[in-house]
Amino acid sequence: MSRRKDQERFARLKAQNSAYQGFRGPDTQTEKPVDVLETVVCSTCNRKRNVPVTSLPDDRASFVCRVCQEEQAAAASA
């Protein structure tokens, strides 16, 4: 549907029901909460990685990136 048709439809629904808040309602949040990232050096490959703060270990020196974890898991299962 075009934007114009959407606006006309909203105006029609609003005229029929003055309490109509719209399809998504009055308390719509369109933005996702942003994860806070921190740059950490992987202890295995020594590459810098931007990692969400919530997933970091207490000891930053023991951090292992996801790529290295996957490689270790593949080597262990083979």
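- Within the 4.5 Å cutoff, no side-chain heavy atoms of Val67 are placed close to those of Cys45.
- Within the model, atoms SG of Cys42 and CD of Gln69 stand 8.5 Å from one another, a figure rounded to the nearest 0.5 Å.
- Distance alone, capped at 3.5 Å, places no donor-acceptor pair between the Glu38 side chain and the Asn50 backbone.
- In this structure, Glu71 and Thr44 have side chains that are not in contact, with every pair of non-hydrogen atoms separated by 4.5 Å or more.
- Classification of Glu8 and Arg12 as a salt-bridged pair fails, no side-chain N sitting under 4.0 Å from a carboxylate O.
- At most 12 non-hydrogen atoms from other residues, nucleotides or ligands lie less than 6.0 angstrom from CZ of Arg47.
- The two residues Leu56 and Phe63 have their closest heavy-atom pair at CD2-CD1, 4.0 Å.
- The side-chain heavy atoms of Ser62 and Ser43, taken from C-beta on, include no pair separated by under 4.5 Å.
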Worked verdict on Arg49 versus Val41 for side-chain contact (heavy atoms from CB on, under 4.5 Å) = CA-CA 6 Å; Arg49 305 289 187 187; Val41 178; over 6 Å; no

